[in-house]
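Input: a single structure, listed below in structure tokens.
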Amino acid sequence: MDFTSPDVQYTYDLRNNRMFAKDSGNVIYALGVQQLNTLGNVSLLDIYLTKGNVVEPHIHQNASELVYAIEGAAVVSMINPFIGQVLQFPIGPGQVANVPQGWIHWEVATEENTHLLAIFDAPVPEFIGMSDFLRLAPRNILAHTYCLDQTAITEALAPITATTVIGPPADCAQNHQPAPAPQPEAMIHAQQAGQQQAQAARSPYGPYYGQPYYGRTPVQGYGQAYGYGQGYPAPYGQPYAYPGQQGYWGG
């Protein structure tokens, strides 16, 4: 980047790059290096969801993703390919969930007016939606590979005619299961305790890991209670663009 260039950019209004809109309550805005040329190796999506809406299962094969909850609540789910299990992490304001690079994942809003920020360690995160696989994969291959009835699977997948991005589609008239509820607080605390124990085992500070910083009183809701400054209280409590869509990361 030539920082003496008259074209250098230091600020940008995300409202100028709306990537997808299902309706007024389910919208995603994007920021990449093509919008702000000083960004470097980072990009983000500004996601707005209403309760029950889902950022469809997808993969970023060139980037990891940090999901930060600003308002509302969501469950961030991912498939851990090393243990063959689905992991689910409910997050609320001030909480994050990290998705490793290349893992299948999705987000479900469990409250109205949910606002998420997805941050990537790539200037343009590549996106592969599962809806693209389902609508484009040859039906005979699906039937043969997974021992399915070709007629039945063809009929079942026929409504998927475009990349879904945020589901269910706006024209869907079928009933849907309610969004999964966040895990009980006790389970969240247990997860945090297990993570802290694992981090303490790797830390040279051993048993001091996670204790109040220099004897200061822990701040309520502040993750590991280091007590820096005033802390950041965190009480428990719009769509992905894709290649071919106008405005995709500036394309």
Side-chain angles (χ1 to χ4, degrees), residues 1-22 24-49 55-56 58-72 74 76 78 89 91-107 113-129 132 162-163 165-166 199 202-204 213 219 222-224 226-234 238-251:
M1 182 67 206
D2 180 6
F3 288 94
T4 65
S5 169
D7 298 324
V8 66
Q9 300 168 306
Y10 298 102
T11 185
Y12 185 81
D13 189 338
L14 267 70
R15 291 171 294 183
N16 294 328
N17 195 36
R18 187 173 69 178
M19 292 294 93
F20 183 91
K22 173 182 171 180
S24 61
N26 295 277
V27 185
I28 295 180
Y29 301 88
L31 180 70
V33 69
Q34 293 176 336
Q35 286 76 47
L36 189 61
N37 58 20
T38 56
L39 271 182
N41 199 44
V42 66
S43 53
L44 63 83
L45 292 176
D46 196 24
I47 306 170
Y48 296 85
L49 300 170
V55 178
E56 73 161 317
H58 61 281
I59 296 172
H60 306 292
Q61 68 269 36
N62 71 328
S64 56
E65 176 180 348
L66 183 66
V67 184
Y68 174 76
I70 299 173
E71 184 178 1
V76 179
M78 64 191 82
F89 302 99
I91 57 173
Q95 297 176 324
V96 301
N98 188 59
V99 181
Q101 179 177 336
W103 287 21
I104 298 173
H105 62 286
W106 58 97
E107 294 89 17
N113 302 314
T114 291
H115 185 190
L116 307 174
L117 194 65
I119 305 169
F120 305 91
D121 56 354
V124 179
E126 298 169 358
F127 173 81
I128 299 177
D132 284 340
T163 307
V165 184
I166 292 183
Q199 291 169 322
R202 296 190 299 268
S203 171
Y213 182 65
V219 179
Y222 182 51
Q224 301 296 343
Y226 284 108
Y228 283 108
Q230 298 301 312
Y232 298 92
Q238 278 167 325
Y240 283 103
Y242 49 91
Q245 169 142 347
Q246 184 178 3
Y248 174 71
W249 299 105

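Only a predicted model underlies this, so the values are computations on that prediction, with no experimental measurement involved.
Taken from CD in E107 to CD in E56, the straight-line distance is 11.0 Å, to the nearest 0.5 Å. Between atom CZ of residue F120 and atom CD of residue E65 there is a gap of 4.0 Å, rounded to the nearest 0.5 Å. Between atom CE of residue M19 and atom CD1 of residue I47 there is a gap of 12.5 Å, rounded to the nearest 0.5 Å. A distance of 9.5 Å separates CG in L36 from CG in L44, rounded to the nearest 0.5 Å. Atom CH2 of residue W106 and atom CD1 of residue I59 lie 11.0 Å apart, to the nearest 0.5 angstrom.
For Q101, there are no side chain to side chain donor-acceptor pair (under 3.5 Å) partners, not counting sequence neighbours. For D2, the side chain to side chain donor-acceptor pair (under 3.5 Å) partners two or more places apart in sequence, or in a different chain, are T4. In this structure D13 satisfies the salt bridge (charged side-chain N to carboxylate O under 4.0 Å, His left out) test together with R15, sequence neighbours excluded. Legend: residues meeting side chain to side chain donor-acceptor pair (under 3.5 Å) with E71, ordered by chain and number and at least two apart, are absent. Not counting sequence neighbours, the partners of V8 by the side-chain contact (heavy atoms from CB on, under 4.5 Å) test are M1, F3, Y10, N37, T38. For T11, there are no side chain to side chain donor-acceptor pair (under 3.5 Å) partners two or more places apart in sequence or in a different chain. By the side-chain contact (heavy atoms from CB on, under 4.5 Å) test, N98 pairs with L66, sequence neighbours left out. Contacts of I70 classified as side-chain contact (heavy atoms from CB on, under 4.5 Å), with partners at least two apart in sequence or in another chain: Y68, H115, L117.
A donor-acceptor contact shorter than 3.5 Å links the side chain of D121 to the backbone of S64. A donor-acceptor pair under 3.5 Å links the side-chain atoms of S5 to the main chain of D7, judged by distance alone. Put simply, the side chain of E126 never gets that close to the backbone of Q61: no donor and acceptor are under 3.5 Å apart. Put simply, the side chain of S43 gets close to the backbone of A122: a donor and an acceptor are under 3.5 Å apart.
Nearest approach of M78 to W103, heavy atoms of both residues: SD-CE3, 3.8 Å. The two atoms that bring G72 and P93 nearest to each other are O-CD, 3.2 Å, heavy atoms only. Smallest separation of non-hydrogen atoms from A30 and L14: O-CG, 4.3 Å. Taking both residues in full, the closest heavy atoms of G92 and A69 are given as O-CB, 3.1 Å, listed atom of the first, atom of the second, then distance. The shortest non-hydrogen separation linking N17 to Y12 is CB-OH, 3.3 Å. When all heavy atoms of L49 and N26 are compared, the closest pair comes out as CA-OD1, 3.3 Å.
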Practice item. Applying side chain to side chain contact (heavy atoms under 4.5 Å, CB included), run through V42 and I119 and close with a yes or a no. Key: CA-CA 7 Å; V42 66; I119 305 169; 4.0 Å; yes

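Looking at heavy atoms from C-beta onward, I91 lies in side-chain contact with V76 at the 4.5 angstrom threshold.
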